[in-house]
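Note that the structure is predicted; figures quoted are calculated from it, not measured. A, B, ... follow the sequence lines: proteins, then strands. Residue 1 opens every chain.
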2 protein chains.
Amino acid sequence: MELEFLYEKTLQGAVNAKKRKQEQYRKIVAHLYYHGAASIAEIVKSSKISQPLVASLVDDLLGFGVVLESGIGESVGGRRPNLFCLNPEYQYVVGIDITLHSLSLALFDMNNQLVYREEYKEFDLENTSNCTQIIVEKVKIALETRNIKPEKVLAAGFSIPGLVDAEHGLSHTHLSFTELGLGAYLGSQFGFPVLLDNDARTMALGEKAFGKAKDKKNVLCLNLSNGIGLGMILNGELYSGKNGFAGEFGHILIDPDGKLCSCGKIGCLETLTSGKILVQKIKDAIDEGQASFLASYKKEGKRIDLRAVVAAILAGDQFAIDQLNQMCEYLGKGLVTLLHLLNPEMIIIGGKLAHAGKFIINPVTMWMNKYAMDRISSEMELVSSDLLDDAALMGTMASVMKKVLSNRLE
Amino acid sequence: MELEFLYEKTLQGAVNAKKRKQEQYRKIVAHLYYHGAASIAEIVKSSKISQPLVASLVDDLLGFGVVLESGIGESVGGRRPNLFCLNPEYQYVVGIDITLHSLSLALFDMNNQLVYREEYKEFDLENTSNCTQIIVEKVKIALETRNIKPEKVLAAGFSIPGLVDAEHGLSHTHLSFTELGLGAYLGSQFGFPVLLDNDARTMALGEKAFGKAKDKKNVLCLNLSNGIGLGMILNGELYSGKNGFAGEFGHILIDPDGKLCSCGKIGCLETLTSGKILVQKIKDAIDEGQASFLASYKKEGKRIDLRAVVAAILAGDQFAIDQLNQMCEYLGKGLVTLLHLLNPEMIIIGGKLAHAGKFIINPVTMWMNKYAMDRISSEMELVSSDLLDDAALMGTMASVMKKVLSNRLE
DNA sequence: ACTACTTTTATAATATTTTTTAAAAGTAAT
DNA sequence: ATTACTTTTAAAAAATATTATAAAAGTAGT
């Protein structure tokens with residue numbers, strides 16, 4: 001096999017010409033993946049390999065079918081360069097994004113293009129083998145639909161809520177029943193490796209690779225849906241902590257005299273701010289006769305869920321907006337703690353509540369400015385995600401490619 | 001000059017045999033610095049350079065005077081290896097640690113050995129050119145005492161409280177009056193580069209290089225003296241945030257109904273927990289007739305400061321211990337927030353209060369266990385620093401060597 | 001269209017690095 | 001002491017990568 005670095009577990013150890021060549025191939029493939037079509041000269045600059053050698057390596061890659069010629073680039077004052085790009089069909093990546101009540105699947109080619117996308121909304125995340133079986137089947141359907149054999153899949157990325165130990169491929173909160181661990185179990189079913197991570201962290205990877213966090217070094221990504229998740233890019237790298245439990249932002253102490261949280265502690269941020277709380281508050285108020293667009297939902301027998309609340313907010317429903325504003329004070333206070341500890345350059349609001357856009361950004365910004373040290377808050381941008389519901393799925397792709405191109409596929 | 005990597009600003013860019021050789025020298029010097037005396041075979045393994053080449057490079061380094069032969073090592077079942085070590089006298093590093101009321105200086109050789117150490121306790125940190133002039137003079141005295149010329153100094157590391165932008169060598173809180181910025185100004189005075197950083201961060205570097213954080217990847221180091229500082233090692237690297245303002249742990253919100261903090265906000269941790277508060281509380285109580293070892297201090301006209309309080313605690317003074325215990329609840333709560341956000345493997349208590357050892361570790365541990373999620377707290381060790389007051393000074397050495405050996409000396 | 005300049009690409013000559021091989025030096029067991 | 005094994009070191013041979021050079025391809029101004 002010519003490109004073992006795409007498959008082998010590790011590529012380290014003593015000096016070895018073959019391994020060095022693998023590393024050179026890897027550098028070139030990485031450049032083409034991260035920067036798109038490129039000339040030999042560009043690769044020379046980024047790889048620090050000499051021009052004759054890069055030319056010969058690219059020639060090899062053309063022969064292997066990994067790389068394609070992609071025309072001639074613009075002149076920058078001299079001869080126009082030949083451009084090369086990755087062969088999009090050389091390998092594929094499977095993306096799996098699971099939430100409590102949905103299963104999203106995607107197939108990506110080597111140019112990050114979606115070649116398959118499906119969302120199953122009737123899915124329910126349960127700790128049963130039946131549930132994993134559904135996932136395995138749906139992935140098989142995806143591959144069959146596109147006529148892609150498992151050998152053509154580099155790896156799958158898997159995004160799941162709860163405590164996840166990405167390093168060992170273990171999910172502690174959900175689908176935790178398998179003996180092998182979820183990652184290894186699914187890998188054995190699929191015939192290709194599966195990289196697990198927590199949903200907030202895959203979202204952060206997605207934002208880093210394709211969203212507003214691109215080219216930024218210190219970014220915090222909030223997953224505001226029914227709960228509160230936090231994925232952190234620190235010093236340019238995803239931060240997971242010792243056991244992969246970092247980012248439990250929903251369970252930091254905000255109100256010492258507050259309510260009991262599901263985690264067993266008192267006054268966690270999540271008892272004051274979360275999509276779940278917001279929906280519950282609005283439902284309760286409507287039951288007590290509060291006027292709102294959402295009151296008609298109830299009459300019509302429609303479910304009042306987070307999606308409906310966000311829609312009402314966007315439609316200008318004053319009551320829903322007020323309720324969101326109230327929540328934003330607590331969220332702002334919590335974010336100030338993050339700001340003071342981590343001095344990030346950007347905080348990205350993602351998750352279902354991110355669809356509310358400025359209705360969440362504006363009040364949170366206001367509260368943060370009230371509570372934060374100016375020197376720190378003035379250097380930070382608070383924005384809502386562009387990728388929105390696709391962030392996690394894009395992040396699974398990014399996590400796979402990062403592992404492959406950094407040479408460690410476990 | 002043979003070893004330009006020790007001096008040059010950067011060493012990047014296109015392929016170049018000379019630069020590559022510098023990089024090879026750097027790898028070998030780094031191995032010898034971080035692991036002490038080593039054989040050719042050991043260097044081969046860590047550097048991934050072939051044995052004949054390593055042998056020839058080490059030979060070069062012997063010729064340059066950077067490396068010395070240091071005898072013959074133990075056999076591991078075959079021929080005994082020749083060992084090599086850095087020449088301790090090849091270059092020196094100046095360490096400068098400033099607190100509000102002290103100036104500590106050190107000179108380190110290439111084996112991390114202290115060849116000079118002096119502490120000026122009558123020093124006061126003021127924002128005047130007179131103050132920087134004192135520092136410059138004291139450093140000159142240090143070098144003269146040891147008869148070391150500025151050319152023999154690789155760089156100085158400088159630890160200072162307050163907001164520091166290490167990347168640009170700027171101190172915002174103290175000694176901020178120079179036009180060039182403190183780092184560049186001192187550099188121009190000394191004739192060698194000066195690397196600035198915040199005191200909590202240099203302490204963290206010291207712990208990472210020489211203390212309990214050695215070989216750990218995710219460690220939080222608390223500087224508990226009159227204020228509260230936090231230095232973080234995340235993913236194995238020092239974390240500074242976008243502008244070098246990360247770690248403002250003293251200003252996270254703990255009590256929404258609390259007191260006004262010096263930073264202008266309400267209820268910061270520092271209004272509840274700090275050496276200053278502890279001393280003040282004890283002083284006030286003694287004025288009101290509280291029995292304590294420290295009451296006699298007052299009668300004898302001695303100053304009741306943090307050092308005296310810690311001494312009383314270690315001597316078993318129940319009142320002082322009680323006061324410390326009270327503070328530990330707030331500190332514990334604050335640390336739980338850190339724990340949930342960052343899932344560290346270790347938290348090291350440093351600073352003047354660290355001298356209290358178990359008297360601070362035990363109560364804080366108790367409160368953390370009360371407020372933290374078990375899964376996260378049970379994986380974490382809370383310990384007090386071994387390096388104590390030397391941590392920052394050792395950290396300045398570590399920061400210089402890290403910059404030099406990672407090839408960027410700014 | 002010509003000149004002077006640029007960048008890209010290809011090739012040959014040179015330099016560097018690794019692999020291979022073997023000798024030197026040592027351990028451990030008989 | 002001898003044997004069989006190990007690791008370390010050294011030196012020659014082979015492989016690999018870089019530098020230098022030149023040709024090819026293009027721009028821009030006259």
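One atom, CD of A:Gln51, and another, C1' of D:dA17, lie 12 Å apart when rounded to the nearest Å. The interatomic distance linking B:Glu69 (CD) with D:dT8 (C1') rounds to 14 Å, in whole Å. Rounded to a whole Å, the CD atom of B:Glu23 is 18 Å from the P atom of D:dA17. C:dT16 atom C1' lies 17 Å from atom CG of B:Asp59, rounded to whole Å. Atoms CD (A:Glu74) and C1' (C:dT8) sit 15 Å apart, rounded to a whole Å. The nearest whole Å value for the distance from the NZ atom in A:Lys19 to the P atom in C:dT17 is 20 Å. Between A:Leu53 atom CG and C:dT9 atom C1' the separation is 15 Å, expressed in whole Å. As rounded to whole Å, 13 Å separates atom C1' of D:dT18 from atom CZ of A:Arg20.
In terms of position along DNA chain D, the nucleotide closest to B:Pro81 lies nearer the 5' end than the nucleotide closest to the other residue of the pair A:Val54 and B:Pro81.
Between the side chains of A:Ser47 and A:Gln24, no donor-acceptor pair of N or O atoms lies under 3.5 Å. Using modelled atom types and a 3.5 Å distance limit, the side chains of B:Asn235 and A:Tyr239 yield no donor-acceptor pair.
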Short heteroatom pairs, N/O only, protein and nucleotides 12-15 of chain D, under 3.5 Å:
none

At a cut-off of 3.5 Å, list every protein nitrogen or oxygen paired with a nitrogen or oxygen from nucleotides 23-27 of chain D, distance to 0.1 Å.
from   : atom 1 : to      : atom 2 : distance (Å)
D:dA25 : N3     : A:Arg79 : N      : 3.4
D:dG26 : N2     : A:Gly77 : O      : 3.2

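A cation-pi contact, defined as under 6.0 Å to the ring centre and within 45° of the axis, links A:Lys152 to A:Tyr90.
Every side-chain contact (heavy atoms from CB on, under 4.5 Å) that B:Met401 has, sequence neighbours left out, goes to B:Tyr33, B:Val93, B:Met110, B:Leu154, B:Met397, B:Leu405. Looking at residues two or more places apart in sequence or on another chain, you find no side-chain contact (heavy atoms from CB on, under 4.5 Å) involving A:Arg79. Residues satisfying the side-chain contact (heavy atoms from CB on, under 4.5 Å) test with B:Pro88, not counting sequence neighbours, are B:Leu68, B:Asp109, B:Asn111.
Ion pairing between a basic and an acidic side chain is recognised when a charged N comes within 4.0 Å of a carboxylate O; A:Lys402 and A:Glu237 show such pairing. Salt bridge B:Glu23/B:Arg26: present, at least one basic N to carboxylate O contact under 4.0 Å. A salt bridge links A:Arg80 with A:Glu74; the closest basic N to acidic carboxylate O contact falls under 4.0 Å. Ion pair A:Asp386/A:Lys214 not flagged as a salt bridge, since none of the NZ, NE, NH1 or NH2 atoms sits closer than 4.0 Å to an Asp/Glu carboxylate oxygen.
Among the nucleotides D:dT18, C:dT9, D:dT9, the one closest to the side chain of A:Ile49 is D:dT18. If you check C:dT9, C:dT17, D:dT8 against the side chain of B:Ser50, the one that comes closest is C:dT17.
The stretch residues 31-40 of chain B has no heavy atom under 4.0 angstrom from DNA chain C at all.
Note: A:Tyr116 and A:Tyr92 fail the aromatic proximity criterion, with ring centroids not under 6.0 Å apart.
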